[in-house]
Amino acid sequence: MTDTLDAAAPPLPDVDRPNTQDGPPIRLYLVDGSGFIFRAFHALPPLTRKTDGLPVGAVSGFCNMIWKLLVDMKSQPDAPTHLAVVFDHSEKTFRNKLYDQYKAHRPPPPEDLVPQFPLVREATRAFGVPSLELPGYEADDIIAAYACKVRDMGGEVVIVSSDKDLMQLVGDRVFMLDTMKNVKIGIDQVAEKFGVTPDKVVDVQALCGDSVDNVPGAPGIGIKTASALINEYGDLDTLLARAGEIKQQKRRETLIEFADQIRLSRQLVQLDCDTPLPEPLDALVADDPNPEELQAFLEKMEFRTLARRVGDGKAGTNGAATAGADTPAGEAKAPARPQHKAIDVNGYVCVRDVPTLEAWIARAMDAGVVAFDTETDALSATSAGLCGVSLAVAPGEACYIPVGHCEAEGLQLDAPADLQQIPLDEVIARLKPMLEDPSVLKVAQNAKYDLAVLSRYGIDVGPIDDTMLISFTLEGGLRKSHGMDELSKTWLEHEPIAFKTVAGTGKAQKSFKHVGLSEATCYAAEDADVTLRLWEHLKPRLAHEHLSTVYERHERPMPQVLVGMELAGVKVDPDRLRQLSNDFSVRMGELEAEAHRLAGRPFNLGSPKQIGDILFKEMGLASGKTTATGAMSTDASLLEDLANQGHELPRVLLDWRQLSKLKGTYTDNLVAAIDPRTNRVHTSYGLAAATTGRLASSDPNLQNIPIRTEEGRKIRKCFIAEPGHVLISADYSQIELRLLAHIGDIPQLKKAFADGLDIHAMTASEMFGVPVEGMPAETRRRAKAINFGIVYGISAFGLANQLGISRDEAGAYIKTYFERFPGIRTYMDRMQQQVRSQAFVTTIFGRKVHIPAARGKSQAERAFADRAAINAPIQGAAADVMRRAMIRMPAALKDAGLKAKMLLQVHDELVFEAPEAEAEAVIAVARRIMERAAEPALQISVPLVVEARAAANWDDAH
DNA sequence: TCGACGCGC
DNA sequence: TGGGATGCGCGTCGAT
C-alpha cells in the first residue's frame, strides 16, 4: 500500500468535492471484508501468532489496510468521511431461492482461514469502524445499497475490492480501489475489462456467466462475444428480443434456446440497490479508534510493528513497510535459535531425509506445477556450486533441500552445528525425474540461472515458466528491475528476507554454504514460495493483456538457449592480451609524462575534473560546454575540437584515454574473466534488461568489444577458436533501417532494399539529387548520419553536431529528408501520438514497450519519451527478429548434423564456433534461419539480409 | 553511491 | 518563450 498509485493506473478524473444539502460532503469507503480476507489469505505469506500458532496472516494484512485508510483520513484530500467494512452473513441468500445451484461449487474455505473470519470482524471493531452484515444478503448487495444511496445524494463512493461482480456499480462518482495491487478502477478500467460501460456489465455477465459463482449464462459465449453483442444491440432485452436476426447460426440458436437461463443469470449477477440498510448512513461517520481498545487488540494478535506505529500515531506513510513488518521477515532478525534443532521454521520445512524428500517430490508431481529455486555458493551461474534446492507446491507450503552446507573453516562454534544432509548425488538423482517431467511445470524467478546451475549437475529442467520474464513481458519499461524482491513488494506487499540478512554484508559476507540450515531454510524456501505466488498472480495477466504469444514465442524459450551459449563460453588468447596490456602500459607512461610536461605540473589524467582545471583555468583555453551537473566538459568531441585548433595537450589526453579505456576495460579484465576450468570466458546475458527486448551482456560485457579503431581491433583479434575450429560471425545488414522501411511503409526505401542498393548512397541521391555513381564520400556520409539519426529521433541540433555543419544546414537536410520520405514523418507522428495517449508503444511482433516518461511533468521528459517511442518499435522489432533466430538455431544446427555452437550475440550479430570443415554448412544454416526468422508470424516486406564469414579470430570473421 | 566518460549496436 | 536538443546497454574511474 504505497502512497502513489501504480503508474499504469490512469489518474482519477477531477471530481469536485460533492456537497449534500444538509451537511458536509460525503465520501464513503466501503470495504468488501469477505473479498479482502480471501485475497489477503492467498496473496500474503502465512503468518502465525508466535505463542500458539494461530494463523493471522490475513488479519494482519487487513489491519494494515484499515490503518492506512484511517491515517489517510487525516491528510489526504480524497480520504473517507464515512467508512464501513461489509461482510457476507450466511451461505444461503435470496439468490439461492432463484437458483439452487448458485455458488454451489464453492469449496469450503481453507482450514487456516476459518479461524480468521471472526478475528477480522473483531479487528474492524477494534479500529472503531462499523462492521455491516445482513442475513440473507451478500456483502455485495449491502455495498450496492449504500453506494446507490450516497451516489444519488451527490456524494462519492470508493469500494475497496477487486471483485468484478461489483464493477457494475462503477460510475462518475463511484470507484473501486484494489488496495493489494494499488490500482483504482473507474469507468475506463471497467470498460477495458468488459468491453462495455459499467451500466451494461450485468448484461455481459448474464451472457457469459461465471464458473466461480456457478452462474450459467449462455454456453459458448465469452466476454468478447458478449460485449460485441451488447454493443451491437444496445442491451440484453433488445438482444434477446431480436435474437432471430443474428447471422451466425450457432450463436442465434444458443441465444434463443437459453434465453430464460440468460435472464436468470442476469437476476443472479444484478446487485440489489434496494437492499435494506443495516445501519443509517450517519452511523458510518469515520472516527478515530479508541486507542486503548486498539492497542489491546494488536497486542493480543502480536502485531508488534503495527502496534508501535499506532502508538506513535504516525504510521502509514510507508504502507509497504507496514504490510511486510509483521511477516516472517521480521521474525528472522530475532536472535538465532540453536541450529541443530530448527527443522521447521515458519512453516517451511528443511528436508534432510529421503522419505521426506520423496514426499515433497510426490506433492510436486501431483500438483503438476512447482516453483523452485537453487541456492549456490557463488554468483556466477556458469561456475557456482550447488548449496541446495527449494520447492513450493502451494502458497505457504515450501521446503528447502540442503546439499552443500558445511562449516566455515577456522570458525569455532560453541556446539557443533547439525549439518546432516542427504548426499548431493542422491538428491540430484531423485529430483531429476520430476524436474525433467514434461507434465510438471517448473516455475522459477530468473530461470536462466537455475537452468545453468542444474544443467552442470546433469539435469535438463523443463518445461519452465519464468516470473521475471512474465513481469518483463507485461511491464517492460514500467519498473527498472523485475527482481524478486521488487515484484514481491509490489504484488504481495511482502518484503522477502534479504540475502544480506542471512549471509552478512561487505567483508564479513559468507558464502551461502556456510549459512546454517535453519536460516537457509527461511530464506530459500521463502524464495520458492514467493515465486509461486508471483506466478499465480502474474501468469493469468498475460492472456488478459494479449501478451501470451510474445511471452511464449519470444521470452519463454530464451533461458534454455542462453544457458547453452553461456556455458559454451568463448576462447580468448591470454598471452596476447597480456602482451597488449603491457604495450598499452608503456605507451600510457610516455603519454602521461608528455601530458605533465605540457601542463607544467603533474596531475591525474584519469580525472576529468583535474583536466578541466588545467585546460580551462591554468591554460586559459575556451571551455565549450558543461556537463549535466554544470562541470566543465572534457569529453572526446571537445578535446578533438581543441586538438584541431592546434593545441598539443588535448591530443595527448585523447590518446591516453583511448589506451586507458582499452587496458582498464578490456585487456586486463578479459584475462581475469577466464574460467580456469574451461579456459574460456563465460558472459552472462540479461533478458529483462533493455525494455526494447534487446539482450544485455555483463560479467564481462562481450557486446562492447572494440571494433572501430585499429588499436581496439587488436583486442577483438584475441577472441579465437579452438585448434581445428573457426569462429563464424553472421550479422544482419541494416536490419533497423529495413524494419523502418517495412513498419513505416516507405516505398523508396523498400525498393532500394529489394534491389540490393547501397541504402546510404540511395538516400543521398534522393535528397541531394546527385547520381550514385561518382558520389563524393562526404555526401554519402551525411546521408548515413541522417539515416541513423532518424532511427534515434535526432534533432537539427544533434545532426549539426554530428556532422560538424551549421544548425540551419542540418535543419534543411532534415526537411528535405521528410519531403523525400513522407512516410517516415507519418510514422514518427503516429508513434508520438500513441505514446502520449497510452504511455506505451508496441513492436510488429506485439511486444509492449512502456514509456512512462510520456506522462512526465516536464517538456524535456516528454520529448525524451517521443524519441524513445520512435526508436523502440524499430529497435524492438530487430530484437524480436534476433530472438526468433536464436531460439531456432540450436535445433537447426543439430538437424543439419553440425557440431557448431552458438557462442555470442551482439544485437544484430551471432558468433559461432565450428570445426573448420563445417564452416560453409554452418554459414548456410545460420543465414537461412536468420533471414527467415520473422516467418511465419510475419512477412517482412523487405528482404532481411545476413552477411557471414569464418576466420581464425573474431576480428577477421567480421 | 554517483557522475562523467566511452565502448558496442 | 526558450531551454534543450539521437535510441539501448555495461564498466571503469574519480570524487564524495
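All of these numbers come straight from a predicted model, not from anything done at the bench. Protein chains get the first letters and strands the later ones, always in sequence-line order, with residue 1 at the start of each.
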Handout entry: C:dA5 and B:dC5, which share atom name P, separated by this distance in whole Å
Key = 15 Å

Problem - d(CD, A:Gln703; P, C:dC8) in whole Å - result: 16 Å

Practice task
List in numerical order all residues of residues 786-799 of chain A for which some heavy atom is under 4.0 Å away from an atom belonging to DNA chain C.
Solution key: A:Tyr792, A:Gly793, A:Ile794, A:Ser795, A:Phe797, A:Gly798

Problem - Spacing between A:Phe864 atom CZ and C:dG3 atom C1', to the nearest angstrom - result: 17 Å

Exercise for the section: Mind checking A:Ser660 for me? I need base, sugar-phosphate or nothing, with any heavy atom below 4.0 Å counting as a touch. Expected result: nothing

Practice task
Considering only NZ, NE, NH1 and NH2 on the basic side and carboxylate oxygens on the acidic side, decide whether A:Glu475 and A:Lys848 come within less than 4.0 Å.
Solution key: no

Exercise for the section: When you get a sec, tell me which of C:dT6, C:dG14, B:dG8 is the closest nucleotide to the side chain of A:Ser607? Expected result: C:dG14

Handout entry: Per A:Ser698 side chain, nearest of listed nucleotides B:dA4, C:dT6, C:dC10
Key = C:dC10

Problem - Polar side chain donor-acceptor pair, A:Thr692 to A:Gln875, under 3.5 angstrom - result: yes

Practice task
Report yes if a side-chain nitrogen or oxygen of A:Thr634 is closer than 4.0 Å to either non-bridging phosphate oxygen (OP1 or OP2) of B:dC5; otherwise report no.
Solution key: yes

Problem - Salt bridge present between A:Lys489 and A:Glu486 (N-O < 4.0 angstrom) - result: no

Exercise for the section: Would you indicate, yes or no, if B:dG8 has its OP1 or OP2 atom less than 4.0 angstrom from a side-chain nitrogen or oxygen of A:Arg708? Expected result: yes

Completion exercise
From OH of A:Tyr685 across to P of C:dC8 the rounded distance in Å is 21 Å

Practice task
Measure from CZ on A:Arg807 to C1' on C:dG3 and round the result to the nearest Å.
Solution key: 10 Å

Exercise for the section: Name the nucleic acid region contacted by A:Tyr732, choosing base, sugar-phosphate or nothing; use a 4.0 angstrom heavy-atom cut-off, strictly under. Expected result: nothing

Handout entry: Salt bridge flag under 4.0 Å for residues A:Lys717 and A:Asp956
Key = yes

Exercise for the section: Please state whether the phosphate of C:dA15, meaning OP1 or OP2, lies under 4.0 angstrom from any side-chain nitrogen or oxygen of A:Gln610. Expected result: yes

Practice task
Indicate, with a heavy-atom threshold strictly under 4.0 Å, whether A:Ala636 touches base, sugar-phosphate, or nothing.
Solution key: sugar-phosphate

Exercise for the section: Please determine if A:Arg807 forms a cation-pi arrangement with A:Phe797, meaning its NZ or CZ atom is less than 6.0 Å from the six-membered ring centre and no more than 45° off the ring axis. Expected result: no

Handout entry: Which residue lies more 5' along DNA chain C, comparing A:Lys609 with A:Gln875 via nearest heavy atoms
Key = A:Gln875

Exercise for the section: To the nearest Å, give me how far apart CZ (A:Arg657) and C1' (C:dT12) are. Expected result: 13 Å

Practice task
Run the salt-bridge test on A:Arg883 and A:Glu555 with the 4.0 Å N-O cut-off and return the result as yes or no.
Solution key: yes

Practice task
In whole angstrom, give me the gap between the P atoms of B:dA4 and C:dG4.
Solution key: 14 Å

Practice task
May I ask you to say what A:Gln859 touches in the nucleic acid, namely base, sugar-phosphate or nothing, with a heavy-atom cut-off under 4.0 Å?
Solution key: base

Exercise for the section: Name the nucleic acid region contacted by A:Arg867, choosing base, sugar-phosphate or nothing; use a 4.0 angstrom heavy-atom cut-off, strictly under. Expected result: sugar-phosphate

Practice task
Classify the nucleic acid contact of A:Asn604 as base, sugar-phosphate or nothing, counting any heavy atom under 4.0 Å across all strands shown.
Solution key: sugar-phosphate

Problem - Salt bridge flag under 4.0 Å for residues A:Glu640 and A:Arg657 - result: no

Fill in the blank from the handout: Considering only heavy side-chain atoms of A:Asp635, the closest of C:dG4, C:dG9, B:dG6 is B:dG6

Problem - Side-chain N or O of A:Asn704 closer than 4.0 Å to phosphate OP1/OP2 of B:dC9 - result: no

Exercise for the section: For A:Ile735 and B:dC9, give me the distance from atom CD1 to atom P, rounded to whole Å. Expected result: 14 Å

Problem - OP1 or OP2 of C:dG11 under 4.0 Å from side-chain N/O of A:Asn669 - result: no

Practice task
Indicate, with a heavy-atom threshold strictly under 4.0 Å, whether A:Ala860 touches base, sugar-phosphate, or nothing.
Solution key: nothing

Exercise for the section: Rounded off to whole Å, could you give me the CG-to-P distance for the A:Asp668 and C:dT12 pair? Expected result: 10 Å

Problem - Pi-cation contact, A:Phe584 with A:Lys663 (under 6.0 Å, within 45°) - result: no

Practice task
Could you tell me whether A:Arg782 and A:Glu809 have a side-chain N and a carboxylate O separated by less than 4.0 Å?
Solution key: yes

Completion exercise
Considering only heavy side-chain atoms of A:Ala690, the closest of B:dA4, C:dC8, B:dC9 is C:dC8

Problem - Out of C:dG7, C:dT6, C:dA15, whichever nucleotide has its closest atom nearest the side chain of A:Asn871 - result: C:dG7

Problem - Rounded interatomic separation in angstrom, taking CH2 from A:Trp656 and P from C:dT12 - result: 15 Å

Completion exercise
Closest to the side chain of A:Lys661, out of B:dA4, B:dG8, B:dG6, is B:dG6

